[in-house]
2 protein chains.
Amino acid sequence: MLKEERHKLILGEVNLHNRVLLSDLGENLNVSIDTVRRDVKELDADRKLKKVHGGAIATGFLASNGQQAVFLQNEKQKIAEKAVSLLKEGQVILMSGGTTNLEVVRFFPRKTPLTVLTPSLQVATELLNYQNIEVIFLGGRLDHESKFAIGGTVIHTLSQIKADICFLGTGYLDPEFGLTEIDWEVVQVKRAMITASKKVALLCVSNKLFSTQRYKTCDLASVDILITELDPDSKKLDPFKQDIETII
Amino acid sequence: MLKEERHKLILGEVNLHNRVLLSDLGENLNVSIDTVRRDVKELDADRKLKKVHGGAIATGFLASNGQQAVFLQNEKQKIAEKAVSLLKEGQVILMSGGTTNLEVVRFFPRKTPLTVLTPSLQVATELLNYQNIEVIFLGGRLDHESKFAIGGTVIHTLSQIKADICFLGTGYLDPEFGLTEIDWEVVQVKRAMITASKKVALLCVSNKLFSTQRYKTCDLASVDILITELDPDSKKLDPFKQDIETII
DNA sequence: TTTTTTCTTGCATAAATTGGCATATATTAT
DNA sequence: ATAATATATGCCAATTTATGCAAGAAAAAA
């Protein structure tokens, strides 16, 4: 049998079943598993499929993460770098949604093993690109716009968790009124996330400072670490220093 | 024999069988293998066929794996149309993952209000484009490859649900062995989904019929409706008619 | 943890390929 | 017609490719 014939047959199997085992392929094609392995390796290099431990999966089966331009990306990347510096091996992390948290994910270490819990569909999807990270989705009813799980289920699940640190994407932040949000349901989830974490790190682009909204998530005092793209000594941050322990 | 004659004969052979071995050609044409090799090399340069190590392959044969979008998309769309015809307003639907279910989502009605529960990140993401559908993600640990929630949390959540209908993407299906899967964790989730539904509809491209895998999800008897792209009267489906109530 | 499975790497063998060369055949020029 | 040239074919040795095997590393499972 010609190599190309096998390639064709392998692709057929993979695309049909989404996932196949190398050992099965070898048996069906009557060649050694080494040959199948080399075939699959080639097809993987050609992006025709994805090779995984023990088998192969169809590329069509994997979600394509359409990276879209992020508003204030530079600022958010600075925040992301600072946030990632807080991570330690083996930690359990809670992450809310939002573009800033998405940026944090893109700065995650590729080796350090971590567990991340999130109610954000986008954050979860992005995290699945990291083999070293165990991703746990806090399921529940999903909000169509924010692609974020809300409602009693999420909150109940969160009540049974104590994470090491929580990366909270900010809606609105003000030294006097604390954290506020537009959406009442989101407030409920964020409150539950705060309760479910030993430390709360707030990720906040500086032009969200000094703004408020209808629903209150918590006071500044509930925040342990404030992360902005600014220098920690910046005058703009002075009004927050009284209530927040650490600003980086 | 003239060179042009041989070229025609070689092309005929290749297009007939999709592939040929140089050694066979040499024997049939009564020329040395070197000559055949040179012939094939020329035909390759003219793009009349593709020369490969040890033989040649028809160009048309290779072109078919170029369609990388969704394998067997036509078949899957037929299945999707049939599946969607089962939906009724206000129903609660359970959906597993896989490309066939993704295709089903794309055929969902834009108006009919429905509630869909799913452990598949991709299905959930796709469903969020439909304002009329309440999407509930069955949270839990996510599998990196399949982007599918697995483990105790999902199964526990499912135990508290009774959906109207479950759309089950098939791993492998055989009249004797029933539904089987490669992944044990996926089997667990699918079993829980079956238990959690009043009706089970199986979505299955016909190529997947008569194939088995290591882990068994359930017997045919657990399936209420089998949906394939075939005509329900097709002979291929006969072996399944004994155990499955409805085939569409 | 220990055990099992899969992966990688290097090696050995067989088959296929390449490039050079020689011969035979066909074509062209004289 | 003959010589010169070009094309086609077959043969051979050196090289490359394909494949299987086996031992140690790495990853997953128990």
Side-chain angles (χ1 to χ4, degrees), chain A residues 1-11 13-14 19-46 48-57 89-90 110-115 128-135, chain B residues 1-11 13-14 19-46 49-57 62 141-146 148 150-152 181-189 213-215:
Chain A
M1 169 164 329
L2 297 170
K3 185 159 64 108
E4 283 71 14
E5 277 186 273
R6 280 201 315 273
H7 285 194
K8 168 102 177 160
L9 292 169
I10 289 171
L11 276 177
E13 277 298 293
V14 168
R19 182 175 165 192
V20 287
L21 302 179
L22 297 189
S23 51
D24 286 342
L25 287 174
E27 208 172 309
N28 292 338
L29 301 173
N30 261 318
V31 287
S32 80
I33 194 145
D34 302 73
T35 302
V36 172
R37 185 171 287 118
R38 280 186 267 237
D39 286 340
V40 166
K41 200 181 239 172
E42 272 189 54
L43 291 167
D44 179 283
D46 294 347
K48 297 282 178 57
L49 49 69
K50 174 113 169 69
K51 184 180 180 329
V52 297
H53 196 96
I57 58 181
E89 180 168 331
R110 289 269 165 192
K111 295 285 180 188
T112 324
L114 295 166
T115 302
L128 286 177
N129 297 323
Y130 294 74
Q131 290 301 323
N132 54 315
I133 293 171
E134 177 158 54
V135 186
Chain B
M1 174 173 314
L2 264 61
K3 188 158 66 125
E4 311 303 327
E5 270 187 89
R6 281 201 315 273
H7 284 197
K8 276 202 172 165
L9 290 169
I10 290 172
L11 276 178
E13 278 295 295
V14 168
R19 55 141 260 193
V20 280
L21 302 181
L22 296 191
S23 50
D24 287 348
L25 286 174
E27 208 171 310
N28 292 337
L29 302 173
N30 261 319
V31 286
S32 80
I33 196 136
D34 301 72
T35 303
V36 172
R37 182 170 290 117
R38 279 185 267 238
D39 286 341
V40 167
K41 198 180 239 172
E42 275 187 51
L43 290 167
D44 178 277
D46 294 348
L49 48 68
K50 174 96 169 86
K51 183 180 182 328
V52 299
H53 195 97
I57 294 205
L62 287 171
R141 181 160 49 88
L142 296 179
D143 181 65
H144 287 250
E145 284 154 28
S146 60
F148 193 85
I150 51 180
E181 287 281 344
I182 288 179
D183 192 316
W184 189 83
E185 296 264 25
V186 172
V187 166
Q188 304 311 309
V189 175
Q213 260 302 328
R214 186 161 320 188
Y215 302 111

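Look at Arg6(B) and you'll find a side-chain N or O under 4.0 angstrom from OP1 or OP2 of dT9(D).
Of the candidate nucleotides dA27(D), dT17(D), dA8(D), dA8(D) has the atom lying nearest to any side-chain atom of Lys3(B).
For Asp39(A) (side chain) and His7(A) (main-chain N/O), no donor-acceptor pair under 3.5 Å exists by modelled atom type. Although no hydrogens or angles enter the test, the distance criterion places a donor-acceptor pair under 3.5 Å between the side chain of His144(B) and the main chain of Ile133(A).
When the nearest nucleotides of DNA chain C are assigned to Leu21(A) and Gly54(B) by heavy-atom distance, the more 5′-ward of the two goes with Leu21(A).
Bounding nucleotides for the chain B contact on DNA chain C, 5' to 3', at a heavy-atom distance below 4.0 Å, are dA16(C) to dT18(C).
For Arg19(B) and Glu4(A), the salt-bridge test fails: no basic side-chain N is under 4.0 Å from an acidic carboxylate O.
Counting non-hydrogen atoms under 4.0 angstrom, Leu22(A) reaches the backbone sugars and phosphates but no base.
Side-chain atoms of Glu5(B) and Leu29(B), non-hydrogen and from C-beta on, never get closer than 4.5 Å to each other.
Other residues, nucleotides and ligands contribute only 12 or fewer heavy atoms inside 6.0 Å of the CD atom of Glu27(A).
Shown here are the side chain to side chain contact (heavy atoms under 4.5 Å, CB included) partners of Glu13(B), two or more places apart in sequence or in another chain: His17(B), Val20(B), Leu25(B).
Within residues 34-44 of chain B, the residues that place at least one heavy atom under 4.0 Å from DNA chain C are, in residue-number order, Arg37(B), Lys41(B).
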